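Scroll down for the structure; my scribbles are underneath it.
Every value quoted in this text rests on a predicted model; they were computed, and no experiment measured them. Computation of the quantities below employed the complete heavy-atom set of this structure, encompassing side-chain atoms and omitting hydrogens, waters and symmetry-equivalent molecules.
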Protein chains: 2
Amino acid sequence: MKPTLRAVAEAVGVSRSTVSNAYSRPDQLSTELRRRILDAAREMGYPGPDPTARSLRRGYVGAIGVLFTSRLSYAFTDPFATQFLTGVAQAAERHGSSLLLVPLPADAAGARKAVENAAVDGFCVYCGGDEEGEIVDAIRSRGLPFVTTSARPRAEDRWVGIDERAAARSVAEHLTGLGHRRVALLADRVLPDAAPGPVRVGDLADVPHPTTRERLAGFADAFAAVGVDWSQLTILSATDNSRPAGAAAVGAPDSLPEPITAVLACADVLALGALDTLREADRHLAVTGFDDIAEAAPVGLTTVRQPGVQKGRRAAELLLDPPVDTDAHQILLPTTLVVRTSAGPAPRS
Amino acid sequence: MKPTLRAVAEAVGVSRSTVSNAYSRPDQLSTELRRRILDAAREMGYPGPDPTARSLRRGYVGAIGVLFTSRLSYAFTDPFATQFLTGVAQAAERHGSSLLLVPLPADAAGARKAVENAAVDGFCVYCGGDEEGEIVDAIRSRGLPFVTTSARPRAEDRWVGIDERAAARSVAEHLTGLGHRRVALLADRVLPDAAPGPVRVGDLADVPHPTTRERLAGFADAFAAVGVDWSQLTILSATDNSRPAGAAAVGAPDSLPEPITAVLACADVLALGALDTLREADRHLAVTGFDDIAEAAPVGLTTVRQPGVQKGRRAAELLLDPPVDTDAHQILLPTTLVVRTSAGPAPRS
DNA sequence: GATCTAGTCTGAATCGATCCAGAGAGGGGA
DNA sequence: TCCCCTCTCTGGATCGATTCAGACTAGATC
């Protein structure tokens with residue numbers, strides 16, 4: 001049986017409050033007594049106030065939850081997620097808070113329960129998929145603060161993100177400028193449970209993942225502007241947001257029928273996967289990514305940069321010390337088109 | 001004021017126990033009453049039992065702590081750490097546990113306090129530096145289980161790791177086999193607070209970080225075997241375990257005086273940094289790494305592979321459901337020498 | 001000498017749940 | 001009819017601390 005604060009109090013012959021004060025409010029008792037208490041505690045092997053009991057009484061935990069909508073162990077397959085996490089960690093560290101990474105079960109009810117069971121003071125919701133509604137709802141009903149990075153924030157929520165649609169449009173315009181007209185758009189989980197490869201998406205509204213939807217919409221905008229409409233675009237769905245999944249989606253039969261000259265990916269990892277497959281098949285299509293992760297530069301991937309570390313850092317800051325001014329609750333980060341070598345001009349047909 | 005379980009009980013007109021059972025032991029009450037309780041709870045906006053209170057009473061938290069000895073935000077600068085974390089996340093996910101990433105202050109007292117304040121059921125201590133003693137001590141006095149990956153585990157502790165020294169020796173032997181005799185060894189924090197670049201290390205025992213020490217010892221073993229002794233080796237210290245730090249250490253004045261033909265790094269990230277600097281300076285030395293992270297293959301880095309994801313997974317498993325057999329508390333993982341192109345034969349002098 | 005103040009320390013209430021022994025009610029078997 | 005068993009539900013103790021108003025002491029002030 002581990003000794004408790006009470007045991008220490010009895011051993012020293014003081015009240016529990018005093019022992020508590022010895023740990024949490026050294027100015028409330030004489031240094032002499034404090035020393036005696038601490039000594040006795042050490043001797044008894046008392047490790048200091050129990051964190052859980054302390055949290056219960058104090059009403060805060062000292063940890064913020066980070067919620068990934070895909071499986072937690074996938075959180076690290078995309079270096080962009082890692083960048084985000086780095087930023088969150090920076091802010092948390094400065095603030096002295098811990099980071100609770102919560103695995104979310106795939107089903108909505110399970111996810112809800114996971115959110116309800118997390119002992120934290122607030123949440124960073126990263127890259128909200130379709131489940132985000134349920135999750136945010138659960139957080140809200142717990143009355144905890146949260147920050148989203150979702151593509152379409154509510155006005156009253158704290159948010160840090162980018163203009164997904166405009167950013168996507170910027171790469172796509174780069175491609176139209178290079179003469180590409182028949183292209184494939186590559187994204188993670190375009191439709192739920194789709195096999196890797198081409199999928200029919202009648203209407204963009206059918207795409208459940210908001211970020212994916214916005215990016216695809218941005219791509220579509222650029223092509224619409226040069227007279228290529230949605231139905232002429234090939235949509236490739238990957239099973240998850242990873243390099244192998246990108247490779248598999250592009251490698252599926254009929255993924256890239258003849259007239260296609262370029263692949264626009266919704267994430268660099270997917271683009272890198274696409275490049276893997278194309279290299280192997282010795283096909284030379286233009287490929288673009290999204291995020292500008294570290295691996296993008298060495299292979300010359302043309303992409304859109306978004307400041308990942310900063311995104312995480314500002315999100316956590318928004319949570320940990322929110323600005324008094326409510327107008328500052330939403331932070332729009334800049335994006336930049338980074339032109340490298342992976343996407344050259346379309347071959348003249 | 002958020003409603004509590006008590007409030008729900010009063011609203012429905014049942015005891016608190018019954019409401020509690022409605023959430024945690026559905027078989028203990030009639031479905032009819034349970035439905036009524038849950039409905040009332042929803043209506044009142046009661047989000048379910050408070051996780052902190054529940055943890056206090058139940059005596060467990062449902063989270064495991066992951067301790068990085070360097071700053072938490074640096075935890076993600078080394079992809080190997082990310083691999084480890086992925087593995088831990090996999091096991092945690094399967095077990096339904098959360099992951100608490102705890103930022104450790106640089107000072108021992110602060111680190112101790114951080115450990116004492118973490119609300120978790122156990123710890124994974126990753127890549128223990130010199131501070132590990134203090135940390136493990138703090139964990140032990142809390143009476144919590146833990147797993148280390150340290151280079152020199154105590155027999156009674158749970159551990160998963162590799163034979164650091166033998167693994168390091170294997171790359172080094174590869175280099176001696178290629179004729180390299182005058183080399184530099186590159187490591188993170190060889191001596192506390194050393195500036196980037198060459199440092200004098202009279203005795204390996206002076207190196208505080210056990211993993212670094214073991215790897216350097218392994219390198220030294222191989223060179224000793226061909227008659228090159230410790231004093232003839234150049235030791236380069238990096239300020240932290242990251243690619244830029246590796247580049248800086250190698251780029252310092254006098255880091256690589258003339259006869260040197262190879263750089264043996266204690267981590268792939270450092271090796272990649274070294275390659276950056278060497279490429280820029282147009283010097284063609286042999287370079288080897290350690291870990292075999294994803295970035296190693298594309299640049300042809302010769303290195304030692306250790307199974308990172310598996311390391312994390314097994315560590316977490318050891319924590320979450322420990323084998324009954326105490327002999328199975330220590331798991332030695334295999335390493336493999338991966339020969340690529342970054343280290344060719346030494347030029348004939 | 002009475003009053004005030006500052007410095008220490010105490011006791012009881014409280015945070016929000018879970019657990020366990022046991023009370024009542026209703027049904028079945030002898 | 002009586003006893004036992006099962007199914008529901010209750011009350012009170014408990015997890016391990018923090019908090020806050022107040023008690024007590026001793027020295028300072030007038």
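- Evaluation of the side-chain hydrogen bond (donor to acceptor under 3.5 Å, both in side chains) rule for A/S24 yields no partner, not counting sequence neighbours.
- Across all their heavy atoms, B/V147 and B/A315 have their closest contact at CG2-O, 3.4 Å.
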What string of B, S and - do you get for nucleotides 8-15 of chain C, 5' to 3', when a contact is any protein heavy atom under 4.0 Å?
SBBBBBBB

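- To the nearest angstrom, P of C/dA17 lies 16 Å from CZ of B/R25.
- D/dG16 atom C1' lies 6 Å from atom CG of A/D50, rounded to whole Å.
- Across the protein-nucleic acid pair, B/E10 atom CD and D/dT10 atom P stand 13 Å apart, rounded to whole Å.
- Ionic pairing of B/D39 and B/R36 is not present here: no N-O contact between side-chain nitrogen and carboxylate oxygen is shorter than 4.0 angstrom.
- Put simply, CD on B/E116 is 17 Å from P on D/dG16, counting in whole angstrom units.
- A donor-acceptor pair is defined here as one N or O able to donate and one able to accept, closer than 3.5 Å; such a pair exists between the side chain of B/D325 and the backbone of B/D327.
- No side-chain heavy atom of A/V115 sits under 4.5 Å from any side-chain heavy atom of A/V102.
- Nucleic acid contact class of B/Y60 (heavy atoms, under 4.0 Å, all strands): none.
- Atom-to-atom, CG of B/N117 to C1' of D/dG16 comes out at 14 Å; the value is rounded to the nearest Å.
- In this structure, the OH atom of B/Y23 is 13 Å from the C1' atom of C/dG16, given to the nearest Å.
- The CD-P distance, from B/E32 to D/dT8, rounds to 12 Å in whole Å.
- Closest approach of A/L85 and A/F68 over heavy atoms only: CD1-CZ, 3.9 Å.
- Side-chain nitrogen and oxygen atoms of B/S24 include at least one within less than 4.0 Å of the OP1 or OP2 phosphate oxygen of C/dT18.
- No engagement by A/T52 is indicated, since no non-hydrogen atom pair under 4.0 Å with the nucleic acid exists.
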